[in-house]
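One structure is given here, and the rest of the page talks about it.
Quick caveat, the model's predicted, so the values are computed rather than measured. Computed from heavy atoms alone, side chains included, the values below leave out hydrogens, waters and symmetry copies.
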Amino acid sequence: DTANLSVNTTNAYNSAIAMNSSAVLNMGNGDDNVTISAKAQGGGLAAGLHNSSRLDLGAGNDTLNLDASIQGAGANLYAYGVGGNSNLIAGDGNDKVTITTSASNTQTGGLAETEGLLSSPVGMGNGNDILNVSSQAAGDKAAAQSVYSSYNIQGFTSTLGGGDDQATISATATGAASATATGINNVTFDAGTGSDTLNVTSTATATSGNSTAAAVQMGKVLMGDDND
């Protein structure tokens, strides 16, 4: 099966959210291809899944490409891939999940913030899976986090499941006054059994203020048995 969800907004302070407010998409078993795109221009929020939404790809060799991006000039610009206590289930099979978030804020003193997975668990299921999560933020104040649970919510667990899995987590923040980039923050990241590979890269650059980068912060990484 194939599913394409695309939303775009161009007005200031409007939000572009592909799946919102407990929305559910269940693809069923089989080899599925899902594309989700949320793009906002001017301000507000861009998000793929938000507010307790749920995407279940089912068993099969599935592919998910999710992109959430926002650009403009405003006090606060946010981009979330899977956020707000939502749930992404890839199911058993050789799955590939790619989540990309980006925010660019040109307002002086403005914040650009991106979260790939925000307080939302991901279960990849058994199989030789590939998970790519990339977050990029640019603005006067920039904050990019790829896998993160807010501190007032108990840290959740994301699992790659059994199989020879590959996960690439990257966060890049470029700011003037400040820049913060974190790969895995306040969560448990469980690679499961199998010969797994995990790459985490965080880069923060501030031209005139403070910059902070961390690969893993206040979290746990469990690589499991076998040759990782």
Side-chain angles (χ1 to χ4, degrees), residues 5 15-20 34-40 45-55 57 63-71 77-90 95-104 111-124 129-139 142-151 153 155-160 165-174 179-191 198-204 212-219 221:
L5 306 179
S15 296
I17 304 175
M19 295 180 60
N20 194 23
V34 178
T35 301
I36 296 176
S37 175
K39 298 184 181 298
L45 166 68
L49 278 69
H50 196 45
N51 288 330
S52 302
S53 294
R54 176 185 174 93
L55 172 58
L57 299 178
T63 300
L64 169 65
N65 291 299
L66 188 158
D67 178 69
S69 64
I70 187 169
Q71 60 181 1
L77 271 62
Y78 302 98
Y80 303 154
V82 181
N85 297 307
S86 295
N87 202 342
L88 171 58
I89 303 170
D95 305 311
K96 183 176 181 179
V97 172
T98 301
I99 298 171
T100 304
T101 59
S102 62
S104 177
L111 169 68
E113 180 176 316
T114 58
E115 317 282 355
L117 302 173
L118 172 61
S119 302
S120 300
V122 170
M124 295 296 294
D129 303 312
I130 298 174
L131 174 65
N132 300 314
V133 183
S134 174
S135 296
Q136 298 182 353
Q145 301 191 97
S146 288
V147 184
Y148 169 64
S149 179
S150 60
Y151 293 115
I153 299 176
F156 61 89
T157 299
S158 286
T159 60
L160 298 181
D165 306 308
Q166 301 176 42
T168 301
I169 311 295
S170 65
T172 303
T174 304
T180 303
T182 311
I184 298 173
N185 190 359
N186 196 38
V187 305
T188 298
F189 192 90
D190 189 349
L198 172 64
N199 294 301
V200 182
T201 304
S202 298
T203 304
T212 303
V216 180
Q217 177 174 290
M218 295 181 64
V221 175

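- Taking both residues in full, the closest heavy atoms of Ala214 and Ser202 are given as O-OG, 2.8 Å, listed atom of the first, atom of the second, then distance.
- Not one N or O on the side chain of Asn65 forms a donor-acceptor pair closer than 3.5 Å with the backbone of Thr98.
- At a threshold of 4.5 Å between non-hydrogen side-chain atoms, the residues Ile89 and Arg54 count as touching.
- Under the 3.5 Å distance criterion, the side-chain polar atoms of Asn51 are left unmatched by any main-chain donor or acceptor of Asn20.
- Taking the side chain as every heavy atom from C-beta outward, Met218 and Asn185 approach each other to under 4.5 Å.
- Contact of the Leu64 side chain with the Leu88 side chain is registered, since non-hydrogen atoms from C-beta on lie closer than 4.5 Å.
- Here the closest heavy-atom approach between residue Leu45 and residue Tyr80 is recorded as CD1-CD1, 3.6 Å.
- The shortest heavy-atom contact between Ala103 and Ala112 is O-CB, 3.9 Å.
- Under a 3.5 Å cut-off, the side chain of Ser120 and the backbone N or O of Leu117 do not form any donor-acceptor pair.
- Side-chain atoms of Ser135 and Thr101 form a donor-acceptor pair, as typed in the model, at a separation below 3.5 Å.
- A 4.5 Å side-chain heavy-atom check between Pro121 and Asn87 finds at least one atom pair inside the cut-off.
- When Leu66, Ile36, Val133 are each tested for a side chain to side chain contact (heavy atoms under 4.5 Å, CB included) with Val82, only one passes: Leu66.
- Across all non-hydrogen atoms, the minimal contact from Ala90 to Val97 is CB-CG2, 4.5 Å.
- Phe189 has its side chain within reach of Leu131: a pair of non-hydrogen atoms, C-beta onward, lies under 4.5 Å apart.
- Between the Thr172 side chain and the Thr203 main chain, no donor and acceptor come within less than 3.5 Å of each other.
- Counting heavy atoms from C-beta outward, Asn132 and Lys96 have side chains that approach closer than 4.5 Å.
- For the pair Gly183 and Ala171, the tightest heavy-atom approach, listed with the atom from each and the gap, is N-CB, 4.4 Å.
- Using a 4.5 Å cut-off on side-chain heavy atoms (C-beta onward), Met124 and Asp165 make no contact.
- Ala18 and Ala38 make their closest contact through N-CB, 4.4 Å (heavy atoms, listed as atom of the first residue, atom of the second, distance).
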request  = Walk me through it: do Asp95 and Leu57 pass the test side chain to side chain contact (heavy atoms under 4.5 Å, CB included)?
outcome  = CA-CA 9 Å; Asp95 305 311; Leu57 299 178; 5.6 Å; no
